[in-house]
Amino acid sequence: MAADICAAAVFQHHRLSEITIAEVDAYRAAKVHERDQLRAAREGGEDIPRRPLSNSTIIRTITLLGQILELAVEYGHIPANPARGRAGS
């Protein structure tokens with residue numbers, strides 16, 4: 001559930017129409033970078049505040065975002081889903 005909160009926190013102040021493919025890609029890249037930094041710190045013997053997110057957890061957050069945006073498309077709130085196909089990119 002914590003991973004679900006990550007995406008919600010990042011996009012909470014966005015209007016649906018403001019979420020772009022570039023922002024979804026940037027979110028994924030930021031989470032991968034954050035994970036890599038946490039892993040490197042842990043491997044360097046540092047005490048890190050939380051466990052690094054796994055690839056599958058990052059993908060799940062983007063998949064959930066995509067599901068939410070797909071509903072927005074179905075209800076006519078946005079013309080296309082910017083997260084479609086982005087989870088594995």
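Remember, it's a predicted structure, so these values are computed and weren't measured experimentally.
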Under 3.5 Å, sequence neighbours excluded: what are the donor-acceptor pairs made by side chains of residues 8-24?
| unit_1 | atom_1 | unit_2 | atom_2 | d |
| --- | --- | --- | --- | --- |
| His14 | NE2 | Glu23 | OE1 | 3.4 |
| His14 | NE2 | Glu23 | OE2 | 3.3 |
| Glu18 | OE1 | Arg15 | N | 2.9 |
| Thr20 | OG1 | Ala22 | N | 3.4 |
| Thr20 | OG1 | Glu23 | N | 3.1 |

Heavy-atom pair of closest approach, residues Gly66 and Ala83: CA-CB, 3.6 Å
Between [atom1] of [X] and [atom2] of [Y], what distance do you get to the nearest 0.5 Å?
X	Y	atom1	atom2	answer
Lys31	Leu53	NZ	CG	6.0 Å
Glu34	Arg50	CD	CZ	4.5 Å
Thr61	Tyr27	OG1	OH	3.0 Å

Arg42: side-chain contact (heavy atoms from CB on, under 4.5 Å) partners, not counting sequence neighbours: Arg39, Ile48, Arg51, Pro52
Pair Arg60-Thr57, side-chain donor/acceptor within less than 3.5 Å: yes
Distance-only donor-acceptor pairs under 3.5 Å for side chains of residues 69-79, two or more places apart:
| unit_1 | atom_1 | unit_2 | atom_2 | d |
| --- | --- | --- | --- | --- |
| Glu70 | OE1 | Asn81 | ND2 | 3.0 |
| Glu70 | OE1 | Arg84 | NH2 | 2.6 |
| Glu70 | OE2 | Arg84 | NH2 | 2.8 |

pair Asn55-Arg35: side-chain heavy atoms closer than 4.5 Å: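 Of all side-chain heavy-atom pairs linking Arg35 with Asn55, at least one is under 4.5 Å.
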